[in-house]
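Input: a single structure, listed below in structure tokens.
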Amino acid sequence: MKLKHLLLSALVLLTTTVTFAQEEWEPQTFVTGYVNTAAEYTDIDYKHYWNDIDPAIGLSEVALLTSYKPLSNLEFKGTLVYHNNLSDIRDLFVEAYGRYTFNEGFKVSLGKYLTPLSPVNQYFFAPLNTAASLPMLVSHHYLLPQSISGLQLSGEFGEDIKMGYNFTYGSYLSVGHSAFGMVGIQGREDILGLPISTDSEDFERVSHLGGSGRIYANYKGLLNLGLNYFDGRKSLFAISYGGGAPEWKSSSKNSYGVDVQLNLGSAKINGEYWVGSEETKELKSSTGDYYSAEFKGYYLEAMYSVGKLTPFVRLDYVSDVQGAVVLPVNYELFKLDQQTIWYLENVLNISEFDTQLTADVTSYTVGLTFRPIYEILLKAEYRHIMPSNDFKMLTPGIDLPQGSASSYLEDGSFNHYTLSLVLSF
Amino acid sequence: MSIFTLGAMAQYKVIANKSNAATSITKDEVASYLLKKKKTWASGAAVVPVDQRANSEVRKAFSSAVVGKSVGAVKSYWQQAVFSGKGTPPVEKANDQDVIDFVKANQGAIGYVSSGADISGVKELKVN
């Protein structure tokens, strides 16, 4: 009986605090979008690379966002983003949801959302992202999935000092690396031209259950601090030697992040730091240890607006798929992910590997945006991308299910130039 | 006070529903209400902002003088808010009379009209 009263009281509380802000509500429709055309060039130099990367000019992204509010407390939103390397129709719908606002402190949404646990996901869209390229935390989206479908509870309290929360639970598409941009460098800075990593989209496009949580505090729009958490299931691609077929192994994955945004009017600083791990009880070494791996990434960006010009700098780092192996027999070096290295070392007891060579990537960016009018945005950007090693890759001495490697990167670092024109409406 | 500021101030009036107890308001408060940064009046009532079309002269003058941004910059602000799920812009009305009618019909409404508009039926808030 007490529970019944409690539920009834909660229902009354929720329904009586509904905000009817407009007595004579008129349905509101808002439509916005953009077309992003880019010219890109990279001097990445893979010997024997199966496709040379030519300079490219063309349509990089198109986005359309529609919002419809038939009632003051009910909103429908849909966002479609096409990009040059779109490989699956499911990726076209980055957001599609309905949200009911009981009050500012309690909103319930159903549908699919850009994962709300990371502010950098807000910069997914070209007009909002100062740089022409996405932060690697977003484009790799291994530490945080790009979108989650399901149920979302969110709310915000206060005015000068705002406290907010956002909890989302549902299915997410487990995609490790998704190519972006005209030359397909973005999102694959550490795997391009190398054997396909086990977490790449070509190997796994499977939905798993997962949830995210975010709490944040905002002081007068000047300073924002956030804490984020993601936890989900994942499948690992377990390699098999000796003629056996590769198998999927169920695993768990979680990550933690902290973010800060400082907005001083003309000057803005954004930063995030993430750590994550995955583990499975289905892969056991000869000594009885279970497989686990850890990941890390961060991002720091500073910009300063001078009229219609905004120069900016950005530092990116990710270590999500990593590891390198030396095969002493042929003195060959090729890159593998952590799981494969662990498997070779601990299950197959092949110990002659040098696993100190990791494949983390650091990227330095400088750029300039020019927005003479709202509808036109021009971005020029230079990135210097530095994988932690010189991946010199020859045909491996063993047959990996990922395929044999036949290319190698002469010099570990390379440059990436982008000129981007964004037309907004 | 500069001649430019005087000129800009003379081009618009901030209006509210007659039931609203406020008689004056600061520039920062008006900007916060129109940008939906503040959502309640001092009385606790919900604020219902109403904007004018982006190409109207009164909006250009208002945005520059009160919000401190060009109309294009305000549109960029709302584009970011919409894309990131933080909110949608205020309802836009085609002319002064439509704004006045909206403010009459909504107790928590706040809007702005040209300085020469007939605002009978609503009240003007003095901007400090």
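As the structure is a prediction and not an experimental result, all values here were calculated from the model. Every heavy atom of this structure was used, including side-chain atoms; hydrogens, water molecules and symmetry mates were not. Letters A, B, ... are given to chains in the order of the sequence lines, protein chains preceding strands, and every chain is numbered from 1.
Contacts between B:Lys39 and chain A at a heavy-atom distance below 4.5 Å involve backbone atoms as well as side-chain atoms. In this structure, chain B has a heavy atom under 4.5 Å from the side chain of A:Lys162, while its backbone stays farther away. Both the backbone and the side chain of B:Thr40 come within less than 4.5 Å of a heavy atom in chain A. No part of A:Ile373 comes within reach of chain B, as not one of its non-hydrogen atoms sits under 4.5 angstrom from that chain. For A:Asp160, the part lying under 4.5 angstrom from a heavy atom of chain B is the side chain only. Within the 4.5 angstrom heavy-atom criterion, no atom of A:Phe124 approaches chain B. Interface remark: A:Tyr113 contributes no atoms to any contact with chain B (heavy atom separation under 4.5 Å).
A distance of 4.5 Å separates CD in A:Glu375 from NZ in B:Lys75, rounded to the nearest 0.5 Å. B:Ser84 OG to A:Phe125 CZ: the interatomic distance, rounded to the nearest 0.5 Å, is 8.5 Å.
Neither side chain, A:Glu159 nor B:Ser32, offers a donor N or O lying under 3.5 Å from an acceptor on the other.
Closest approach of A:Pro127 to B:Gln79, counting heavy atoms only: CB-OE1, 3.4 Å. Between A:Tyr374 and B:Gly72, the shortest heavy-atom contact is CD1-O, 3.6 Å. A pairwise comparison of heavy atoms in A:Phe30 and B:Pro89 identifies CE1-CG, 3.3 Å as the closest pair. The two residues B:Gly85 and A:Arg99 come nearest to each other via the heavy atoms O-NH1, 3.6 Å.
In A:Phe425, the CZ atom is crowded: over 12 heavy atoms of neighbouring residues, nucleotides or ligands sit closer than 6.0 Å. By the 6.0 Å contact criterion, NZ on A:Lys268 is open, its count of non-hydrogen atoms from other residues, nucleotides or ligands being 12 or less. More than 12 non-hydrogen atoms from other residues, nucleotides or ligands lie less than 6.0 angstrom from CZ of A:Phe167.
Chain A forms the most heavy-atom pairs under 4.5 Å with one residue out of B:Thr88, B:Val82, B:Val74, B:Val71, and that residue is B:Val82.
Using a 4.5 Å heavy-atom threshold, the side chains of A:Tyr123 and B:Phe83 count as separate.
Taking a cutoff of 4.0 Å between a charged side-chain nitrogen and a carboxylate oxygen, B:Lys93 and A:Glu26 qualify as a salt bridge.
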Residue pair A:Lys220, B:Lys37: steps toward the side-chain contact (heavy atoms from CB on, under 4.5 Å) verdict: CA-CA 9 Å; A:Lys220 292 186 173 179; B:Lys37 288 179 177 175; over 6 Å; no

